[in-house]
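Numbered from 1 within each chain, the chains take letters A, B, ... in sequence-line order.
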Protein chains: 2
Amino acid sequence: MAYSPIFAENNSYLVSTYSDHVHTLPTPPRPDQLRERLAQAGLRATRQRLLILESLLVLPGHPTAEQVHRRVAGLEASISLGTVYKALDSFVEAGLTRRVASAEGASRRYDADCTEHHHLFCTDTQEIIDYCDPQLDALIREFFAAKGLQNFQPHSFSLHITGNKVSNG
Amino acid sequence: MAYSPIFAENNSYLVSTYSDHVHTLPTPPRPDQLRERLAQAGLRATRQRLLILESLLVLPGHPTAEQVHRRVAGLEASISLGTVYKALDSFVEAGLTRRVASAEGASRRYDADCTEHHHLFCTDTQEIIDYCDPQLDALIREFFAAKGLQNFQPHSFSLHITGNKVSNG
DNA sequence: TTGGCTGCAAACTTTTTGCAGGGGT
DNA sequence: ACCCCTGCAAAAAGTTTGCAGCCAA
């Protein structure tokens with residue numbers, strides 16, 4: 001069973017990573033890797049941005065700007081929430097980060113993982129769980145390759161699976 | 001080709017209905033049908049709620065509270081935006097309405113269609129297009145029936161397809 | 001050195017809340 | 001008649017913006 005432990009961020013949403021194939025807990029990336037990613041995106045590697053990007057990669061799940069700010073502020077006392085918003089906007093524009101589609105919750109959520117993946121929404125706990133499955137990806141791509149969509153060219157697919165965790169599935 | 005005309009609501013998102021199988025433009029429901037739906041949900045059929053529910057069903061796509069309010073206010077001069085919010089909350093809680101997951105846009109969007117369907121996100125026009133395909137539903141359900149998810153019981157699936165409209169797909 | 005980035009604070013948008021009064025059942 | 005629902009307005013929550021100064025390239 002590939003199921004990660006659950007992390008709590010205050011009393012907000014719980015998030016974890018769920019994959020039938022690989023299970024990778026976020027590994028804190030090395031500073032030079034962060035610099036590299038920022039440089040490739042054409043963004044300056046300031047202290048703040050390094051911490052913001054690292055937080056995005058490290059924080060379990062799909063943090064809000066507020067949550068990113070909380071973590072960064074813990075490491076670097078005086079960072080402004082406005083800076084976090086501006087940085088996240090830049091990241092999204094540069095393709096470094098995605099905004100996550102979610103129906104619940106007031107705040108926008110961000111995901112540093114720009115690779116294709118799916119989401120499990122637990123109705124009980126409000127968790128948003130990442131789900132990776134190349135087999136499923138292939139199935140969907142084959143379906144649309146065979147069937148096609150008139151007048152629409154699909155680029156990426158993300159399946160939203162709503163349900164709830166059970167003790168034994 | 002089953003492709004509906006596109007509707008504009010001011011200069012906000014364009015929305016239309018897209019289905020490979022059936023193409024139904026929202027038909028204004030009869031008042032007694034609206035009453036029925038509210039009664040079944042255990043909600044009082046006030047003038048305001050009838051108009052709000054009707055607007056949800058009639059407005060093309062996935063309107064925000066603001067958009068619902070604009071339409072209702074056009075028919076019933078003095079309705080409060082707060083009332084729209086409260087009513088929509090009740091509807092969601094009663095299962096009459098869903099909140100739509102979306103990454104873009106500041107405001108929450110609502111969908112009176114609680115049947116299972118999927119969404120096309122056009123990166124060019126920002127449209128959110130409904131997509132119905134029982135064949136796709138079956139494919140996904142079969143996949144998870146066969147493969148299963150450990151520790152998770154799926155209830156519903158919604159595929160988010162990002163791409164863009166083309167003149168000839 | 002220079003222009004992008006930061007901090008701060010004000011403004012703005014969206015959503016929630018409290019309460020008195022009205023209308024559905 | 002009861003009490004859920006509405007209107008109003010204030011407040012809370014979330015996000016954007018403007019500008020002076022700073023710092024990465």
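Comment: A/D32 does not engage A/R37 in a salt bridge, judged by the lack of any side-chain N to carboxylate O separation of less than 4.0 angstrom. In summary, B/R99 and B/D89 engage in a salt bridge, as defined by a charged side-chain N under 4.0 Å from a carboxylate O. Ion pairing of B/R49 with B/E54 is absent here, as no side-chain N (NZ or NE/NH1/NH2) approaches a carboxylate O to less than 4.0 Å.
Place B/R108 and A/S80 on DNA chain C by their nearest nucleotides, and A/S80 ends up nearer the 5' end. Comparing A/Q48 and B/T64 along DNA chain C, the residue whose closest nucleotide (by nearest heavy atom) sits nearer the 5' end is A/Q48. In this structure, B/G82 and B/L43 both approach DNA chain D, and ranking their closest nucleotides by distance from the 5' end singles out B/L43.
For A/K86 against C/dG4, no side-chain N or O and base N or O form a donor-acceptor pair under 3.5 Å.
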What protein N or O atoms touch nucleotides 22-24 of chain C N or O atoms at under 3.5 angstrom, if any, and at what distances?
unit_1 : atom_1 : unit_2 : atom_2 : d
C/dG23 : N2     : B/R44  : NH1    : 2.9
C/dG24 : N2     : B/R44  : NH2    : 3.1

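At distances below 3.5 Å, at least one donor-acceptor pair connects side-chain atoms of A/E116 with backbone N or O atoms of A/F157. A/R109 places a side-chain N or O within donor-acceptor distance of the main-chain N or O of A/H62, the cut-off being under 3.5 Å. Judged by distance alone, the side chain of A/S55 and the main-chain N or O of A/L51 form a donor-acceptor pair under 3.5 Å. Using modelled atom types, no side-chain atom of A/E142 and backbone atom of A/L139 make a donor-acceptor pair closer than 3.5 Å.
No donor-acceptor contact under 3.5 angstrom links the side chains of A/D130 and A/H118, judged on distance only. Looking only at atom types and distance, the side chain of A/K147 has a donor-acceptor partner in the side chain of B/Q135 under 3.5 Å away. Remark: the A/H117 side chain and the A/D133 side chain contain no N/O donor-acceptor pair separated by less than 3.5 Å.
The nearest whole Å value for the distance from the CG atom in A/L38 to the C1' atom in C/dG4 is 13 Å. We find that CZ of B/R70 is positioned 14 Å from C1' of C/dT13, with the value rounded to whole Å. Regarding A/Y85, its OH atom lies at a distance of 15 Å from the C1' atom of C/dA11, rounded to whole Å. When rounded to the nearest whole Å, the span between CG of B/L88 and C1' of C/dT15 equals 12 Å. Remark: P of C/dT25 and CD of B/E36 are 13 Å apart, rounded to the nearest angstrom. Separating the CD1 atom of A/I52 from the P atom of C/dG4 is a distance of 18 Å, rounded to the nearest angstrom. Between the CD atom of B/E66 and the P atom of C/dT16 there is a distance of 14 Å, rounded to whole Å. In this entry the distance linking CG of A/D89 with C1' of C/dC5 reads 14 Å, nearest Å.
Of all heavy-atom pairs spanning A/V92 and A/R98, the tightest one is CG2-C, 4.5 Å.
Contact footprint of chain A on DNA chain D: nucleotides with an atom under 4.0 Å from a non-hydrogen protein atom, first to last in 5' to 3' order, D/dG14 to D/dA25.
Heavy atoms from other residues, nucleotides or ligands lying under 6.0 Å from CD of A/E93 number 12 at most.
B/S78 comes within 4.0 angstrom of sugar-phosphate atoms only, judged by non-hydrogen atoms across all strands, and of no base. Note on A/S107: only backbone sugar-phosphate atoms sit closer than 4.0 angstrom, heavy atoms only; bases stay farther off.
When the C1' atoms of four end pairs are superposed on the next four at each end of the helix from C/dT1-D/dA25 to C/dT25-D/dA1, using five pairs per end, the two resulting axes differ in direction by 50°, to 10°.
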